[in-house]
Amino acid sequence: MTTSPRDDDRLRAEAIAILRENDLGAYTIPTKGLYPFQWNWDSCLVALGLARIDEDRAFREIETLFAHQWEDGFVPHIVFHADAQSYFPGPDVWDTRRATPTSGITQPPVAGFCLRRLYETASDREAAAARTKALLPRIAAWHRWFHATRDPEATGLVAILHPWESGRDNSMDWDEALARVSPEGVGEYVRRDTSHVDAAQRPTKAEYDRYLRLVQIFRGLGWDHGALHEASPFKVVDPGFNAILIRSAEDLAALAEALDEPAIAEEAARHAAAGRAALEGLWHEGLGQYACFDRAAGALVESASIGGLLPLFALEPGHARAAVLAKRIETVCARARHPVPSHDPADPRFDRLRYWRGPLWLVANRMILDGLARHGHVDAATAIARDGLALVARRGFAEYFDPLDGRPLGGGRFSWTAAMVLEFLDLIEE
Ligand code: GLC
């Protein structure tokens, strides 16, 4: 599918209108109603779109997120800047006792990757250098936090302790590990998400019980991040999450090098190298891609999700696996009409409507196409960007899409979808 120049102008104008409408001044909400606060990786990715409208505002988006970094380096997945009743679980459930309430779990660390892109494409070079330089120690502290609290045995790879940390909330990747979390004692609660979106497009009640149970366990430990890894019944090493951390470390090292911060550059390069070496342990020969490692069970997870394709975004150019992985992406995409399904359609558990169990997401596509281009598959990368643009032109700025027929799913007028449209329009010209 392609778009015409007229479509492109209309898409650009509409994307900007959506970002403006979800802009609350110093941060952007993902969409009204369903997600009324600041989300971590949404904000960083949204900044890529904001940079086309207002560079100052783009940096501010990331600065606001890091203004709520905890003293230990942790950066929360949600910052509850203002009250809103339309979302559950809200600040009282998390009970992190911060001046501005936040959640106590984190999200994929795309900040390093996004900041490098902001810096390199900024037209006001001086302002970009100053603001980037000020953020470097903060991102470095977050990465250090990951290695200290989520990789206590220094394997080179970090674990997530809650499915929501992955950003791919209900992926098949978590099914077995989550099933081992007993929902006992979770109590009564009222979900809000299913009053905004059809329940068939959202996680199930059994999953939600366990999501909440994990929050209760961590809250019971007073959100002492040093204690959570040991105590958590759920700890999974996700290739997608680690690929993002490795790539951000590589980008942080490049920025630190350019901005004369040698200590940060050296540490980040060391993290990236250790992560890359360890990633090899997540290669799943049977699936022909990377897979999660369930640290509690001590085994690889049989799940062919998009998480296992994302390492293309982090592998060094020339890496032997890159060509195999690019081929695997092609195979998975050939099983759907629109790239890239969040799970392999050949898996009987594939669910074209349900959130991260099949639908396609433009933010994941952003990273996949970056990986393809990085390894020389420029046409395949451009095809993914073009399909995404055509999909939005025809079906609107949805949260996610059915990869078999392009049907728009989840919330509407979505910020990161708008930001990705602006990104894709630029990328196909770059
Ligand atoms: C959902 C997504 C997550 C995203 C959040 C806000 O929870 O799975 O990745 O950050 O919504 O858009």
Side-chain angles (χ1 to χ4, degrees), residues 18-19 21-24 27-49 61-62 65 75-81 84 86-90 93-94 102-103 105-111 113-114 160 162-174 178 191-194 196-199 201-204 207-208 210-212 214-215 238 240-241 243-244 305-307 310 340-343 351 353-368 397-401 408-420:
I18 290 172
L19 289 178
E21 151 190 325
N22 291 333
D23 179 357
L24 297 195
Y27 68 96
T28 306
I29 56 170
T31 189
K32 292 197 174 125
L34 186 61
Y35 301 120
F37 310 108
Q38 182 178 25
W39 262 258
N40 183 324
W41 78 322
D42 293 63
S43 264
C44 296
L45 292 158
V46 159
L48 302 181
E61 186 76 26
I62 300 182
L65 175 67
V75 184
H77 102 293
I78 304 175
V79 183
F80 298 103
H81 291 280
S86 60
Y87 181 81
F88 176 86
V93 178
W94 295 93
T102 73
S103 72
I105 59 169
T106 192
Q107 255 193 336
V110 288
F113 164 72
C114 294
I160 55 161
H162 193 295
W164 290 345
E165 292 198 310
S166 71
R168 308 189 312 278
D169 303 15
N170 68 336
S171 164
M172 267 74 113
D173 291 346
W174 329 124
L178 199 60
R191 281 172 71 170
R192 303 277 176 208
D193 58 323
T194 42
H196 302 284
V197 171
D198 183 344
Q201 298 172 22
R202 298 284 309 176
T204 62
E207 284 162 338
Y208 243 82
R210 289 169 172 84
Y211 298 153
L212 286 181
L214 285 170
V215 172
D238 167 22
F241 193 96
I244 290 170
S305 85
I306 198 166
L310 283 170
V340 178
S342 50
H343 200 87
D351 184 339
L353 300 182
R354 208 180 281 279
Y355 217 33
W356 288 96
R357 299 174 80 86
L360 76 88
W361 296 69
L362 293 196
V363 282
N365 286 4
R366 172 67 183 83
M367 289 177 262
I368 299 271
F397 288 75
E399 186 179 7
Y400 44 100
F401 298 87
L409 302 168
R413 300 187 75 71
F414 224 85
S415 295
W416 70 9
T417 305
M420 291 305 102

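Atoms within a ligand are numbered from 1 in the order they appear, just like the ligands themselves. Values below: every heavy atom of this structure, side chains too, minus hydrogens, waters and symmetry copies.
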Nearest-neighbour protein heavy atom for atom 7 (O) of ligand 1, which is reported as residue plus atom name and distance: Asp169 OD2, 2.7 Å
Sub-4.0 Å heavy-atom approach of Arg168 to ligand 1: no
Nitrogen or oxygen of Trp39 less than 3.5 angstrom from that of ligand 1: no
Test: Arg354 and Glu207 ion pair at under 4.0 Å: no
CD on Gln38 to OG1 on Thr28, rounded to 0.5 Å: 7.5 Å
Side chain, backbone, both or neither: His77 near ligand 1, heavy atoms under 4.0 Å: neither
Numbered atoms and elements of ligand 1 in range of Phe414, under 4.0 angstrom, heavy atoms: 12 (O)
Spacing of CG belonging to Asn170 relative to CG belonging to Leu178, to within rounding of 0.5 Å: 10.0 Å
Residue and atom name of the nearest protein heavy atom (relative to atom 3 (C) of ligand 1), distance in Å to one decimal: Gly167 O, 3.6 Å
Where ligand 1 meets Trp41 - atom numbers and elements under 4.0 angstrom, heavy-atom basis: 3 (C), 4 (C), 9 (O), 10 (O)
Gap separating the NE2 atom of His77 from the CH2 atom of Trp94, nearest 0.5 angstrom: 5.0 Å
For Tyr355, the ligand 1 atoms whose distance to one of its heavy atoms is below 4.0 Å: 1 (C), 2 (C), 7 (O), 8 (O), 11 (O)
Polar side chain donor-acceptor pair, Ser415 to Asn22, under 3.5 angstrom: yes
Minimum-distance protein heavy atom relative to atom 12 (O) of ligand 1: Asp42 OD2, 2.7 Å
Nearest-0.5 Å distance, OG of residue Ser342 to CD1 of residue Ile306: 6.5 Å
Distance, nearest 0.5 Å, that separates CD1 of Ile160 from CZ of Arg168: 7.0 Å
Trp356 neighbourhood, listing ligand 1 atoms whose heavy-atom distance to it stays under 4.0 Å: 2 (C), 8 (O)
Trp416 neighbourhood, listing ligand 1 atoms whose heavy-atom distance to it stays under 4.0 Å: 4 (C), 9 (O), 10 (O)
Partner of Trp361 by ring-ring contact (aromatic ring centres under 6.0 Å, His included), out of Phe414, Phe401, Tyr400: Tyr400
